[in-house]
Novice: 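I am attaching a structure below and will ask some questions about it afterwards.
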Amino acid sequence: MENFNFYAPTYFEFGKGAEAETGKLIKRFGGSKVLLHYGGGSIKKNGVYGKVIAALTSADIPFTELGGVCPNPRSGLVYEGIKLAKEEGIDFILAVGGGSVIDSAKAIAAGVRYDGDFLDFYQGRAQIEDALPIGTVLTIAAAGSEGSANSVITDEENKIKKGARSDLLRPRFSVMNPEFTCSLPPYQTAAGATDIFIHVCERYFSNTREVCITDRLCESVMKTILYETPRVLRDPDNYEARANIMWAGMVAHNNICGVGREQDWASHHIEHELSALYDVTHGAGLAVIAPAWMKYVLEKHPEKFVPFATEVWGVPLDTINPMETAMRGIERFEAFLKQIGMPSRFSEIGAKKADIPVMVDKIFAKKETEGFYVKLTPEDVTKIYESVADQ
Ligand code: NZQ
Ligand code: ZN
C-alpha cells in the first residue's frame, strides 16, 4: 500500500425526511446568506424544491436563487453565479440537484474567493486556496460530487471539459433522501449506476499490490450496483434499492475506495471529450468507453481482470486459461450495460468518427500518456475510440 492522506469532512444526513435538517445544517456550518443553486426544473416537478424552501424558511435563512444548471455544467452560468454571489454578499452555497448542480456550485464557491478567472483552476493554471462553504441536497445517485473533492466544468467557448480538485471543494454537508431519486427517468438511473460502477473501476484497475482492503471495498460497491440497478429499474419506488445505490454513489467516489493505490482514470478522461463535444450524458458515454478500454488494455495487462471476473461477476476461474476468465468478465459487464439500457457505440450517442483526432489532441494537449494501469499513447486512445466508432 502507498502512503496517503485522506480528509473527507462532509457531514451526511441520510434517509427519509433528511431534507428537513437543511436549514439547521447551513447554520451549523456558518451560513447566514445562501445562494440556492439548482438545475433545469426537475426539483420543481418532484416537490424537492418546496421541501427545501420550507426548511430554509423555518430556519429563517435568507436566500437568493440561481437555477438553470444544465447537465455537463457550463462556464457561463458559473461566471453569472460568481457575480451574483459577490453582489449579494453570499456566504454559503446550497446545491440542490445532481453532479452538475453541485459541480457548478463548487466552481462558484472557488471563483468567489479568487481574483482571476475561475477556469484557471480547471486548466491547471492555479490551485484553489480558498472557497465559500457549500452544502448539497442530492437528487440523483451518480457523480458522487456530494462527497468528493472534485468539480468538472465545460469551458463552453473552447468546448473543453476539465476537472478541478481540492479538499476545500468537499461539501460541508450533504442531505441524501433516497426517495428524491424515485422520480429519475430510467435512463438517468442507469447512467448514474454506470458512473458509480466506473468510479470504482478507475480505482480497482491499479498496479499497486497488497491493497486488499480497498480491493474488497471496490468489489462490494460494484456488486451492489449490479444487484440493485436491475431491481430499481423494475421497481422505481423501491426505497431500499434506491438507498443502497445512493450510498454506493458516495462511497464510490469520496476516495475511501481509492486511497493507498495508484488510480487509472483513462476511461473518464476519454469520455469527457465525448460529453464536451456532443453533450452526452456522462454515464452513457462511460458505458461506451469503459468496456472498449477494458478490451484494449486486457491484452497488455490482464492481471486485474481475473479477480474482476471472478469476484465481481462470478465467473469460474479457468486455471489453465485465465485470459478466458478475464474475457468472460468483460462480456458479463457488457451484457449488464445492455440489460440496463446503456449504449455501446458512437451512433447511439451522436458521436462521430471524424472528430476522433480532435478529441485525442485535446486529451494529450498537456500530457504524453493517459491513464496509469496501462499508460496509453495517442495512438492507443485513437484505437479505443475507433473500436466503438460506427459512424
Ligand atoms: O436539471 P434538472 O432538471 O434537475 O434535471 C437533471 C438532469 O437533466 C435530472 N435529474 C436530477 N435529479 C433528478 C432528475 N430528474 C428527475 N428526478 C430527479 N430526482 O438528471 C439529469 C442529469 O443530472 P446531472 O446533475 O447532470 O447528473 P449527474 O449527477 O450524473 O452529474 C453529471 C455531471 O457530473 C460530472 C459529470 O462529468 C457531469 O458533468 N462528474 C462529476 C464528478 C465529481 N464532481 O466528482 C465525478 C464524475 O466522474 C463526473 O465526471
Ligand atoms: Zn464519473
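One-based numbering, in listed order, for ligands and for the atoms of each.
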Novice: Does Lys353 qualify as a cation-pi partner of Phe346, given the criterion of NZ or CZ under 6.0 Å from the six-membered ring centre and within 45 degrees of its axis?
Specialist: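 Checked: cation-pi criterion not met.
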Novice: Which protein non-hydrogen atom lies closest to atom 28 (P) of ligand 1, naming both residue and atom, and how far is it?
Specialist: Gly99 N, 3.6 Å
Novice: For ligand 1, which atoms have a heavy atom of His253 less than 4.0 angstrom away?
Specialist: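 In order of numbering, the contacting atoms are 43 (C), 45 (O), 46 (C).
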Novice: With the side chain counted from C-beta on, respond yes when Arg332 and Val315 share a heavy-atom pair under 4.5 Å apart, and no when they do not.
Specialist: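 With C-beta onward as the side chain, the pair touches.
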Novice: Which of the numbered atoms in ligand 1 are below 4.0 angstrom from a heavy atom of His199?
Specialist: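 Answer for ligand 1: 46 (C), 47 (C), 48 (O).
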Novice: Counting no waters, how many protein N/O/S atoms sit under 2.8 Å from the Zn ion (ligand 2)?
Specialist: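 Step by step: take the Zn ion (ligand 2), keep protein N, O, S below 2.8 Å, and you get 4.
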Novice: Relative to the ring of Trp247, is the ring of Phe14 parallel (under 30°), tilted (30 to 60°) or perpendicular (over 60°)?
Specialist: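 Ring orientation, 0 to 90° scale: perpendicular.
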Novice: Are Phe121 and Arg165 close enough that some pair of their side-chain heavy atoms sits under 4.5 Å apart?
Specialist: no
Novice: Other hydrophobic cluster members with Val34, side-chain heavy atoms of Ile/Leu/Val/Met/Phe/Trp/Tyr under 4.5 Å, chained?
Specialist: Tyr11, Leu25, Ile26, Phe29, Leu36, Tyr38, Ile43, Val48, Tyr49, Val52, Ile53, Leu56, Ile61, Phe63, Phe92, Leu94, Val96, Val137, Phe173, Val175, Phe180
Novice: Please report which non-hydrogen protein atom sits nearest to atom 22 (C) of ligand 1, along with the residue it belongs to and the distance in Å to one decimal place.
Specialist: Gln188 OE1, 3.5 Å
Novice: Checking a contact table here: which protein heavy atom is nearest atom 43 (C) of ligand 1, and how many Å away?
Specialist: Ser148 OG, 3.7 Å
Novice: With atoms numbered from 1 as shown, which atoms in ligand 1 lie under 4.0 angstrom from a non-hydrogen atom of Pro73?
Specialist: 39 (O)
Novice: Relative to Tyr239, does Lys16 satisfy both conditions: NZ or CZ under 6.0 angstrom from the six-membered ring centre, and within 45 degrees of the ring's axis?
Specialist: yes
Novice: Which word best sums up how the rings of Phe197 and Trp313 line up, parallel for under 30°, tilted for 30 to 60°, or perpendicular for over 60°?
Specialist: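 The rings of Phe197 and Trp313 sit tilted, inter-plane angle from 30° to 60°.
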Novice: Of all the non-hydrogen atoms in the protein, which one sits nearest to atom 33 (C) of ligand 1, and at what distance?
Specialist: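 Minimum-distance protein heavy atom for atom 33 (C) of ligand 1 reads Ser100 OG, 3.5 Å.
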